[in-house]
Amino acid sequence: NVAEKKSEARNPTVRVVELTDDTEDPAVWGKNFPAEYDLYKRTTDMVRTKHGGSEAIPHTPTAQDPRTVTSQSKTDADPRLKTMWAGYAFAADFREERGHAYTLDDQIFTQRQVVAKQPGTCGQCHASVYVPMKKLGNGDIFKGFEALNKMPYSEAKQHFKHPVSCIDCHDSQTMALRVTRPGFIEGIRAFKASQGVQNYDPNTMATRQEMRAYVCGQCHVEYYFKGPEKRLTFPWSKGMKADQIVAYYDEVGFRDWTHKETGAPTLKAQHPEFEMWNQGIHARSGVACADCHMPYMRVGGTKVSDHWVRSPVLNLNRACQGCHKWPEEELKARVEAIQDKHLELREQAFDALVALIGDLKAAKEAGKTDAELEKARFLQRRAQFLFDFVEAENSTGFHAPQEAARVLFESIDASRQGQLTLRDPSFKPTVAVVTIPPPPPAPAPGIQPAALTK
Amino acid sequence: NVAEKKSEARNPTVRVVELTDDTEDPAVWGKNFPAEYDLYKRTTDMVRTKHGGSEAIPHTPTAQDPRTVTSQSKTDADPRLKTMWAGYAFAADFREERGHAYTLDDQIFTQRQVVAKQPGTCGQCHASVYVPMKKLGNGDIFKGFEALNKMPYSEAKQHFKHPVSCIDCHDSQTMALRVTRPGFIEGIRAFKASQGVQNYDPNTMATRQEMRAYVCGQCHVEYYFKGPEKRLTFPWSKGMKADQIVAYYDEVGFRDWTHKETGAPTLKAQHPEFEMWNQGIHARSGVACADCHMPYMRVGGTKVSDHWVRSPVLNLNRACQGCHKWPEEELKARVEAIQDKHLELREQAFDALVALIGDLKAAKEAGKTDAELEKARFLQRRAQFLFDFVEAENSTGFHAPQEAARVLFESIDASRQGQLTLRDPSFKPTVAVVTIPPPPPAPAPGIQPAALTK
Amino acid sequence: MPIGSSLLSWPLLLVAGTLGVAAGVGGYAFAYAKGTSYLGNDPATCANCHVMSGQYEAWQQSSHHAFATCNDCHTPAAPVGKYLTKAENGYHHSMAFTIGGFPDVIRARAGSREVVEGQCRHCHAAVVDAMTAGGEVSCIRCHASVGHLR
Ligand SMILES: [Ca+2]
Ligand SMILES: [Ca+2]
């Protein structure tokens, strides 16, 4: 009805409730913004694309895990993942990620919580923590952040009421985008400093367009827990490229765990969508996450951002066609052409990594000394981190095709050189081998060694 | 002057001379099309870009080589090239390519003509051969093609009067684009057949936009000389990707030469711009060579294609801004960002290949048998062809960044596996090792063995 | 108010406008190339300059062919601003066309881009109310093809 649409259009935001900086419940926000809220709730839907989206797998509820539906298990689908992560919680359970509605449940009920005691820091990216942080810090989110980080997950959990929610991205008064995560604020400050920009503050210095990616960069990033206080840290002070990040870890001598089969000081990479996107032509062209994953759509007489955050392949018309006049079928084919090519390299780099792990294991079992194995172990660490960086990145190469291929190239070269050092002790690797110190002996109270967290 | 421009616009082509299918001299065509001719003559200009264009190097004329200016020597700039091509004419002289005006001179005076006897086939891509072929074949260009192929270069040369010229790309009556090279006609027919399209004929079945790439694909392609009759052949019957081409060569058991230091049955790749472009997003989007290398420009009041064929980086406004509204500086930075990333991989893949050659040479000198060396030699062949494919492609990765990175990935994997087989005879390469037959013993009369041509 | 008009400086424009109509070369081009077309709204008159014909064709193929003519997008809606922008464009284009020195692939100046952006908001105010609440956002970043199919 035209008259109705026109009135909606003139009055797009009827404020029926008063929102404050303490309003946590998205349903309350939804009273003022029903269109966004209805879409937000649809993130429960599970639809598969060729290489993304997610698939609903029925699950028989148990006491430990009451979920009736989960997403597909990646470790079951590709057992090489278990070899790569041997001795680490990820080997126990790693699944395809799904919509924002599940962020909290999937974290609480993952088997990784069973095989290892996880820290409260985890909540930063899976729960609505803005209000809890404020409360715990008496108004200072950094203080609250520190308090949450240090708790065991089981305790921190008591403070979590919602999955990622409106207040995590928006200012309640202006609805402007806002970065609420200390981890991102510190990470981007370190990154900008590496580029010569001092004291960067995204909330006052970023453009609106940048904020349309920064709010996502609060979570869709590589991270680690620094020191015994488990401070959530984004390792960007040398830059955001995979090799710059691994160089950072080498410098600080960090390991996530010690590989069970080989004894290598290994690193796990997680969902570096923000970092990869940053290397691609879309970022360079000013195209932000929200442009593709939350494109505008018309609801009644106005345009709203599609808060059903999901694979753009399920939404090609709005996500791509504004900028690319190709038919939907062609756009889909372009995404898949990039992804298929990417997966070819992924397969091969993965096989090489697993071959190195096998060779190392055999060498260790054959009685080679730590000194004899050091080079190969370091190369395993590097090959795996680089491989995992690309593997954990969820766009299957799309966000930055040339860069993803470059990282896989570096990974396979490291794997093959690792195999060479085992067969020929005189072989000189092309990267300098760094000695990684042993993990700290005393775990923080209530939390397992770093070796088992994440 | 506005009045003049209006009249030019109305009357773009005043035919002052009659052109026929036998008019070879571009100066005669230039009487009818002075704008195109003037631009065509500018292909003598040499301007450098960061990774392309060309640079004028003064040359002291000698009897054998009377040129006063050449382009920079690549084999001098990067001696690894000599290692890679040891025993092949390319090791003696390989230079940066330059404008079309030089096609004939640079072929005649290259040192490759001195160290090896080249066949007449060479002329196909460096001289205006349409009229000579017609004459030699009594009107049948395929017959003329066969006649020219079989001659020694010194004899064929007598038939060459001009570098690539108007009649090689244009029909003299309609000025429509036309493919004149039997090599391309046969090659594209085999390629289309591999895609399920039978009896393809570019001159009757291609769209105008396709022709804007096909005329270039007559020369900017990988090729070899088939059999003793030295038929110029484009190896596309399995597809145009680097691995499909090397699979073709494996199947027919072809080698360009035997590597002097290692005894490997090696292949040389040449300028596969057409094949690489074909894998990139621009080809997929219907953007042809001429769109970037011969963009439209205004001359007086008319639009002409810029026949000063050159690096688009020297011509960004016309070459790119019609489609990309970014400032010129930004476009240049984008090209260079792709190229710089590409060169990083190229460096590393090249070092790995040279390391394999070094290892093989040492193993051979240490007395390893042919049987013991076979796997490593085959892996050298493969690593080198893939590397050379990307190296010989003149866009430094730009025409298809992800594909170029993929090919380098395959190359470094093959090099490293070659090194592994030398250290560990039980190592099983991931590609099947194919036995390449020895080169044919008896060279065609007047022509050196295949081992020394190209 | 459309953003574009606020950026143009009055005195400069008046001078430019006067020059555009009166000055020797510019004046000749203006008259000969049917420069008076600047005063009307018929898109065909923009295409009197053959250098505009590409944009004209692309406009004919665009979604806005039925809704908006050149001036709807390239001149601000406010009446004074409209003629000032036309005068400025007229001057600029006549000079450029006569003297040459403009690139073969024409690109919008920052000022004209802002005019266009303002015009989008002018017609689509209702639809984009919610999204523009936060401030700066470029329409043609996503809708580059509405005026000219690209
Ligand atoms: Ca998913
Ligand atoms: Ca060149």
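Order of the sequence lines fixes the chain letters, A, B, ..., with proteins taken first and strands second; residue numbering starts at 1 for each chain.
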With a cut-off of 6.0 Å (strictly less than), are more than 12 heavy atoms of other residues, nucleotides or ligands near [atom1] of [X]?
| X | atom1 | result |
| --- | --- | --- |
| K303(B) | NZ | no |
| Q173(B) | CD | yes |
| K332(B) | NZ | no |

Nearest-0.5 Å distance that lies between atom CD in Q321(B) and atom CD1 in I106(C): 11.5 Å
Pairwise side-chain contact, V51(C) with R298(B), heavy-atom cut-off 4.5 Å (strictly under): yes
Within-4.5 Å side-chain heavy-atom neighbours: R107(C) and W326(B): no
Side-chain (N317(B)) to main-chain (V105(C)) donor-acceptor, under 3.5 angstrom: yes
Pairs where residues 209-221 of chain B contributes a residue and the test salt bridge (charged side-chain N to carboxylate O under 4.0 Å, His left out) is met, not counting sequence neighbours: R212(B)-D291(B)
